[in-house]
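All values reported here derive from a predicted model rather than from experimental measurement. Chain letters run A, B, ... following the sequence lines, proteins first and then strands; every chain starts at 1. Only heavy atoms go into these numbers, but all of them, side chains included; no hydrogens, no water, no symmetry mates.
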Amino acid sequence: MSPTCGELRGGDAGAAVTLMGWAFRRRDHGGLIFVDLRDREGVTQCVFNPATGAEAHAAAGRVRGEYVLAVRGTVQARPPGTANPQLPTGEIEVAVGEVRILNESKPLPFHLEEGVEVDEAVRLRYRYLDLRRPRLLRNFLLRDRVYQAVRASLHAAGFVEVETPFLTRSTPEGARDFLVPSRLARGHFYALPQSPQLFKQILMVAGLERYFQIVRCFRDEDLRRDRQPEFTQIDIETAFLDRDDFLPIVEGMIVEVFQAVRGIALPRPFPRLGWDEARARYGSDKPDLRFGLELADCSDLFRDAAFEVFAQAVHAGGVVKALRVPGAGGLSRRDLDGLVEEAKGSGARGMVWVRLAEGGPQASVALFRGDSALTRELAARLGAQPGDLLLLVADAFPLAAEVLGRLRAGLAARLGLIPADLFRPCWVLDFPLLEWSEEEKRWQAMHHPFTAPRDEDVELLWSEPGRVRAKAYDLVLNGQEIGGGSIRIHERRLQQRMFEVLGIGETEARAKFGFLLEALEYGAPPHGGIALGLDRLVAILAGTDSIRDVIAFPKTQKGTCPLTEAPAPVSPAQLAELGLRVEAEEE
RNA sequence: GGGGUCGUGGUGCAGCCUGGUUAGCACACUGGACUGUCAAUCCAGAGGCCGCGGGUUCAAGUCCCGUCGACCCCGCCA
């Protein structure tokens with residue numbers, strides 16, 4: 001019998017077994033030697049007793065951390081009182097009769113034990129060792145189950161997995177492309193796809209009807225904790241489905257993934273919030289629904305109030321947004337000053353705080369102190385209790401809401417209001433189709449130029465483009481955007497108008513994605529889809545906040561790989577073959 | 001492009017504010033002891049140009065300037 005190091009139990013006592021794995025820890029008692037043998041599945045204690053295996057015992061004396069071993073022996077129940085309840089295999093041990101040292105190991109550059117924070121540059125340089133650490137290994141076993149669950153769910157729903165090219169052409173707008181020079185067409189470049197967007201739409205024209213792909217995407221932008229230059233999407237596109245038929249399919253897949261991977265039953269349907277509603281209530285277009293702390297609008301209270309700053313803001317078309325933080329009245333003056341600084345850091349001109357203390361309200365502005373009518377009205381509006389903290393920001397709507405939205409998220413974390421292991425997905429709908437670019441003085445597609453307007457807003461595209469809402473949707477989970485998509489334009493007339501509004505001329509459009517436009521003229525069905533960030537989804541499921549922990553070989557924040565030392569210079573011969581010359585960097 | 005935190009034996013940290021003997025601790029490592037440990041224990045030992053460069057000073061791990069790297073954030077990411 002050749003079990004893994006994670007599966008032997010009390011009932012296996014007496015079995016002859018062969019185990020292979022790494023020597024995790026060794027405890028040498030001179031007479032007895034214990035070695036914890038580790039593989040992917042777990043750890044099993046092996047006992048080397050000179051009385052029953054003199055040669056093996058001698059060999060075990062030479063074993064060091066991470067030596068690779070094959071041991072042959074007998075499973076035995078541990079002597080009474082020596083079982084280890086911490087280990088799944090803790091009832092038994094393997095009495096080793098024979099051991100082969102399959103390989104030795106140098107002392108490691110860092111500890112594999114849990115709970116020791118090692119500099120990430122070191123971890124990445126020795127990623128193969130980092131990946132041996134149970135915490136990281138667990139993430140990849142989980143990620144594997146996510147792949148399986150996604151494929152099973154989508155196949156069951158009639159989806160077909162199709163691959164699309166990595167070597168493709170650069171398309172305008174969106175993120176910066178990674179370019180690949182062509183040897184055969186000198187001076188021409190492929191671009192690595194930011195997503196298979198155009199191809200998946202073309203697959204709909206091709207009649208695939210339901211397509212998906214777990215696919216790598218590339219964006220040459222600056223990195224973050226949740227952004228890598230190459231990342232993985234679950235890319236989906238369907239024909240003949242409008243938004244309300246499509247979203248439940250995606251929802252079903254997410255529910256099945258959570259069930260299969262974590263045994264968690266997410267309640268369906270996922271709540272749906274309008275884009276305006278999400279920002280008004282949560283101060284974010286990716287609201288975290290794991291806790292309350294909803295924002296309130298108090299503009300009307302201040303329209304004619306004696307507090308000039310707020311009254312003026314309201315008269316200028318702005319709003320007064322308020323956040324009630326239950327039980328946070330105990331925050332120190334210093335904490336509150338810190339919050340005001342944070343608010344200013346987010347762009348607010350200022351923030352008023354009110355502490356509903358026992359001896360009467362205290363506030364950063366005199367008008368709210370003591371038993372003022374204004375404070376009473378405000379407290380009533382917000383349902384505030386003694387001991388609560390109220391934060392108020394007056395400004396233009398999006399800014400005031402965003403400022404408090406950030407504080408809301410920060411305070412929830414600091415005050416411990418976010419339950420562990422809670423998952424609250426929601427849909428955010430009805431995004432604007434377009435947003436005005438102050439820099440370029442033109443409309444830009446908020447999602448992409450192929451996103452369809454909502455049916456009832458189509459005519460506005462000719463009169464008031466800024467008011468057109470899109471058939472676009474984001475899937476948000478615990479305050480993180482994990483996916484976004486839209487129903488696409490499949491009619492030539494609408495697409496034409498869209499390009500006009502975006503200031504993309506017929507010639508330019510033809511030049512840049514003529515192949516898609518042409519395809520749309522040959523019986524394109526109504527279609528739409530979504531792209532889900534697999535790395536972010538897996539990170540959330542794994543309970544880590546960095547996607548680097550769920551990517552086997554991630555890049556550093558400067559886009560380098562300490563393991564391979566990529567990117568690296570190439571030989572002059574390689575450059576010459578491509579017709580490229582590298583210019584010296586300017587000072 | 002901008003802001004912040006950090007950089008000290010292999011790893012994690014202290015020392016830096018307030019410059020001054022031999023740079024300290026834990027783990028890992030090496031040798032020894034030990035037949036019921038599981039973070040084994042006990043004894044002994046080795047291992048450092050304090051990221052790099054420059055400056056101030058009688059004297060710099062410590063103060064100043066620059067630079068490199070890691071991380072976090074803003075910009076950016078349709």
Side-chain angles (χ1 to χ4, degrees), chain A residues 24-38 43-52 57 61 64-66 76 78-87 89-90 93 95 105-126 129-130 171-177 194-195 197-198 217-229 231 342 345-347 406 410 431-435 437 439-440 443-451 470 472 474 481 484-486 498 502 504 531 533 545-546 548 554-560 562:
Chain A
F24 193 39
R25 261 190 289 266
R26 189 179 70 110
R27 293 175 293 280
D28 187 343
H29 288 241
L32 281 183
I33 298 176
F34 299 94
V35 171
D36 292 335
L37 200 65
R38 186 199 73 243
V43 167
T44 298
Q45 174 167 286
C46 302
V47 198
F48 296 80
N49 191 328
T52 52
H57 178 265
R64 295 293 180 270
E66 298 305 299
Q76 60 188 27
R78 295 198 189 183
T82 64
N84 184 350
Q86 315 268 344
L87 277 182
T89 60
E93 62 196 4
S105 171
K106 298 206 292 188
L108 301 192
F110 55 85
H111 301 277
L112 299 190
E113 273 82 10
E114 303 270 303
V116 182
E117 283 299 319
V118 181
D119 186 80
E120 228 177 324
V122 179
R123 288 174 49 199
L124 291 179
R125 169 150 179 236
Y126 301 98
L129 299 179
D130 197 24
T171 50
E173 305 204 54
R176 195 176 293 115
D177 286 319
Q194 298 174 24
S195 82
Q197 182 60 37
L198 304 181
C217 302
F218 307 85
R219 293 179 189 176
D220 188 7
E221 297 292 347
D222 286 355
L223 280 61
R224 285 286 188 285
R225 177 164 53 159
D226 61 350
R227 279 174 10 201
Q228 283 273 306
F231 60 99
E342 274 181 61
S346 306
R406 283 189 198 189
F431 286 80
L433 184 68
L434 302 159
E435 59 189 339
S437 167
E439 270 172 50
E440 301 183 42
W443 291 106
Q444 287 187 320
M446 192 149 174
H447 188 51
H448 59 58
F450 312 106
T451 299
D474 274 0
E481 180 194 332
S486 63
M498 188 68 179
L502 294 174
I504 300 175
D545 59 1
S546 169
R548 291 190 299 270
K555 306 279 190 289
T556 67
Q557 198 165 43
K558 290 228 170 79
T560 65

Calculate the interatomic distance between [X] atom [atom1] and [N] atom [atom2]; express it in whole Å.
X      : N     : atom1 : atom2 : result
A:Q76  : B:G36 : CD    : P     : 14 Å
A:D474 : B:A78 : CG    : P     : 12 Å
A:R78  : B:C38 : CZ    : C1'   : 7 Å
A:N84  : B:U37 : CG    : P     : 11 Å
A:F48  : B:G36 : CZ    : C1'   : 15 Å
A:D220 : B:G1  : CG    : P     : 13 Å
A:K558 : B:C71 : NZ    : P     : 8 Å
A:K555 : B:A70 : NZ    : C1'   : 16 Å

[N] versus [M] - spacing of their [atom1] atoms, nearest Å:
N     : M     : atom1 : value
B:G9  : B:A28 : C1'   : 11 Å
B:C34 : B:G24 : C1'   : 31 Å
B:G19 : B:A60 : C1'   : 6 Å
B:G7  : B:G12 : P     : 11 Å
B:G47 : B:C6  : P     : 31 Å
B:G20 : B:G32 : C1'   : 40 Å
B:C29 : B:U62 : P     : 32 Å
B:U8  : B:A46 : P     : 23 Å

Counting Watson-Crick and G-U wobble pairs only, both distances under 3.5 Å, name the nucleotide matched with [N], or none.
N     : answer
B:G66 : B:C52
B:G47 : none
B:C34 : none
B:A60 : none
B:U22 : none
B:C71 : B:G4

Listed by chain and number, what are the side chain to side chain contact (heavy atoms under 4.5 Å, CB included) partners of [X], not counting sequence neighbours?
X      : answer
A:D220 : A:R176, A:F178
A:E120 : A:R123, A:R548
A:Q76  : A:E93, A:A95
A:Q197 : A:S195, A:K200, A:Q201, A:H448, A:R488

With sequence neighbours left out, write down each residue that passes side-chain hydrogen bond (donor to acceptor under 3.5 Å, both in side chains) with [X], or none if nothing qualifies.
X      : value
A:R38  : A:E66
A:T556 : A:T560
A:D177 : A:S170, A:Q194

Contact list (N/O, under 3.5 angstrom) for nucleotides 4-14 of chain B vs protein:
unit_1 : atom_1 : unit_2 : atom_2 : d
B:G10  : O2'    : A:P109 : O      : 2.5
B:G10  : N2     : A:H111 : NE2    : 3.2
B:U11  : O4'    : A:P109 : O      : 3.3
B:G12  : OP1    : A:D119 : N      : 2.8

Backbone N/O of A:D222 and side chain of A:R227: donor-acceptor pair under 3.5 Å: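 Yes, the answer is positive, given that a donor and an acceptor are paired below the 3.5 Å cut-off.
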Flag, side chain of A:T451 to backbone of A:L433, donor-acceptor distance under 3.5 Å: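 It does not hold such a pair.
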Touch class at under 4.0 angstrom, heavy-atom based, for A:E93 against every strand present: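 Counting heavy atoms under 4.0 Å across all strands, the contact made by A:E93 includes a base.
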Sugar-phosphate only, base, or nothing, as touched by A:A531 at under 4.0 Å among non-hydrogen atoms: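 No contact.
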Indicate every side-chain donor-acceptor pair of residues 25-35 of chain A with a distance under 3.5 Å to a residue at least two apart or in another chain.
unit_1 : atom_1 : unit_2 : atom_2 : d
A:R25  : NH1    : A:E113 : OE2    : 2.6
A:R26  : NE     : A:V63  : O      : 3.1
A:R26  : NH1    : A:D28  : OD2    : 3.3
A:R26  : NH1    : A:A60  : O      : 3.4
A:R26  : NH1    : A:G61  : O      : 3.3
A:R27  : NH1    : A:D36  : OD2    : 2.9
A:R27  : NH2    : A:D36  : OD1    : 3.0
A:R27  : NH2    : A:D36  : OD2    : 3.4
A:R27  : NH2    : A:Q45  : OE1    : 3.0
A:D28  : OD1    : A:G30  : N      : 2.7

A:Q194 vs A:Q45, nearer the 5' end of RNA chain B by closest nucleotide: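 Its nearest nucleotide lies further toward 5', so the answer is A:Q45.
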A:N49 and A:H57, any side-chain heavy atoms less than 4.5 Å apart: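 Side chain of A:H57 against side chain of A:N49, heavy atoms only: no contact under 4.5 Å found.
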Can you name the atoms? Protein N/O to nucleotides 72-76 of chain B N/O, anything below 3.5 Å, with the distance.
unit_1 : atom_1 : unit_2 : atom_2 : d
B:C72  : OP1    : A:R548 : NH1    : 3.4
B:C72  : OP1    : A:R548 : NH2    : 2.8
B:C72  : OP2    : A:R548 : NH1    : 3.4
B:C73  : OP1    : A:R225 : NE     : 3.2
B:C73  : OP1    : A:R225 : NH2    : 2.8
B:C74  : OP2    : A:R224 : NE     : 3.1
B:G75  : N7     : A:R224 : NH2    : 2.9
B:G75  : O6     : A:D222 : OD2    : 3.4
B:G75  : O6     : A:R224 : NH1    : 3.0
B:G75  : O6     : A:R224 : NH2    : 3.3
B:G75  : N1     : A:D222 : OD2    : 2.5
B:G75  : N2     : A:D222 : OD2    : 3.2
B:C76  : O2'    : A:E221 : OE1    : 2.6
B:C76  : O2     : A:R227 : NH2    : 3.2
B:C76  : N3     : A:R227 : NH1    : 3.3
B:C76  : N3     : A:R227 : NH2    : 2.8
B:C76  : N4     : A:R227 : NH1    : 3.2

Other residues, nucleotides, ligands: >12 heavy atoms within 6.0 Å of A:R125 CZ: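 Incorrect, the count does not exceed 12.
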Any A:T82 side-chain nitrogen or oxygen under 4.0 Å from OP1 or OP2 of B:U37: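 Result: no.
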Short N/O separations, protein against nucleotides 40-42 of chain B, under 3.5 angstrom:
unit_1 : atom_1 : unit_2 : atom_2 : d
B:A40  : OP2    : A:R25  : NE     : 3.0
B:A40  : N6     : A:D28  : O      : 2.6

A:R224: partners by salt bridge (charged side-chain N to carboxylate O under 4.0 Å, His left out), with sequence neighbours left out: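 Testing A:R224 for salt bridge (charged side-chain N to carboxylate O under 4.0 Å, His left out), a comparison that skips the adjacent residues, returns none.
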